[in-house]
Amino acid sequence: MNWLFKTEPETYSFDTLAKDKKTVWNGVRNFQARNFLNKASKGEYALIYHSGKDKAVVGVARVAKEAYPEPDPEKPGDWVQLDISYALKLKSPVTLAAIKSVAAKSDSTLKNLLLIKQSRLSCMPIGDKEFKTILELGDSWADFQKLK
DNA sequence: GCCAACGTTGGC
DNA sequence: GCCAACGTTGGC
């Protein structure tokens with residue numbers, strides 16, 4: 001399964017991940033998002049989406065370690081985190097407006113994107129076709145193929 | 001178990 | 001800054 005993770009660039013941006021190479025993906029406080037996090041396997045890829053000012057998919061990360069309990073002083077065990085590593089920065093960001101405009105076309109693979117249908121979800125699965133379509137929109141599908 | 005009130009996220 | 005769409009909390 002492929003994934004799409006959201007972050008506010010002011011909190012943690014993809015550029016920071018590009019420098020860090022690896023980070024702990026934590027702070028998810030939504031049950032549905034957590035359940036998705038638990039399903040991510042090592043080696044799977046996640047699109048990184050910047051909410052707020054950017055509103056665009058900016059890069060790809062790789063799941064480096066599957067979900068494990070987040071150290072939480074109040075309620076240990078309730079929440080999980082996982083590790084991701086830098087994979088690829090898109091040649092050009094794919095904005096939410098661009099995604100919506102493609103999704104509006106008939107027969108578009110992007111019609112069922114949870115990003116559009118459930119805008120508040122911070123971590124969601126994304127199908128192979130959708131994943132490819134977004135990378136193509138970012139002129140980065142070839143680069144991604146080389147990466148594998 | 002229902003629902004009103006409130007809080008949060010995120011697009012506009 | 002506003003508002004829609006959720007999620008959570010607490011009274012009943």
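In what follows, every chain begins at residue 1, and chains take the letters A, B, ... in the order their sequences are listed.
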Show me the protein contacts with nucleotides 9-12 of chain B, counting only N or O atoms at under 3.5 Å.
| from | atom 1 | to | atom 2 | distance (Å) |
| --- | --- | --- | --- | --- |
| B:dG11 | OP1 | A:Y49 | OH | 2.8 |
| B:dG11 | OP2 | A:G52 | N | 3.2 |
| B:dC12 | OP1 | A:K100 | NZ | 2.9 |

Worksheet item: In terms of heavy-atom contacts, does NZ of A:K111 have more than 12 from other residues, nucleotides or ligands at under 6.0 Å?
Response: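 Yes, enclosed.
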Practice prompt. Answer yes or no: are there more than 12 heavy-atom neighbours, outside A:K21 itself, under 6.0 Å from its atom NZ?
Written response: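 Check passes, neighbour count above 12.
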Worksheet item: Are any of the side-chain heavy atoms of A:K89 and A:D15 separated by less than 4.5 Å?
Response: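 Yes, close enough: below the 4.5 Å cut-off.
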Worksheet item: Do A:L110 and A:I134 come within less than 4.5 Å of each other through their side chains, counting heavy atoms only?
Response: yes
For [X] and [N], give me the distance from atom [atom1] to atom [atom2], rounded to whole Å.
| X | N | atom1 | atom2 | value |
| --- | --- | --- | --- | --- |
| A:Q32 | B:dT8 | CD | C1' | 16 Å |
| A:R29 | B:dG7 | CZ | C1' | 16 Å |
| A:R34 | C:dG7 | CZ | C1' | 14 Å |

Indicate yes or no for a side-chain donor-acceptor contact from [X] to the backbone of [Y] under 3.5 Å, with no hydrogens or angles considered.
| X | Y | result |
| --- | --- | --- |
| A:N30 | A:Q32 | yes |
| A:K65 | A:V24 | no |
| A:S140 | A:K91 | yes |

Discussion item. Using five base pairs at each end to define the local axes, how bent is the helix from B:dG1-C:dC12 to B:dC12-C:dG1, to the nearest 10°?
Written reply: 10°
Run the side-chain donor-acceptor check on residues 41-48 of chain A: report pairs under 3.5 Å with partners two or more places apart or on a different chain.
| from | atom 1 | to | atom 2 | distance (Å) |
| --- | --- | --- | --- | --- |
| A:E44 | OE1 | A:W3 | NE1 | 2.8 |
| A:E44 | OE1 | A:S41 | N | 2.8 |
| A:E44 | OE2 | A:M1 | N | 3.0 |

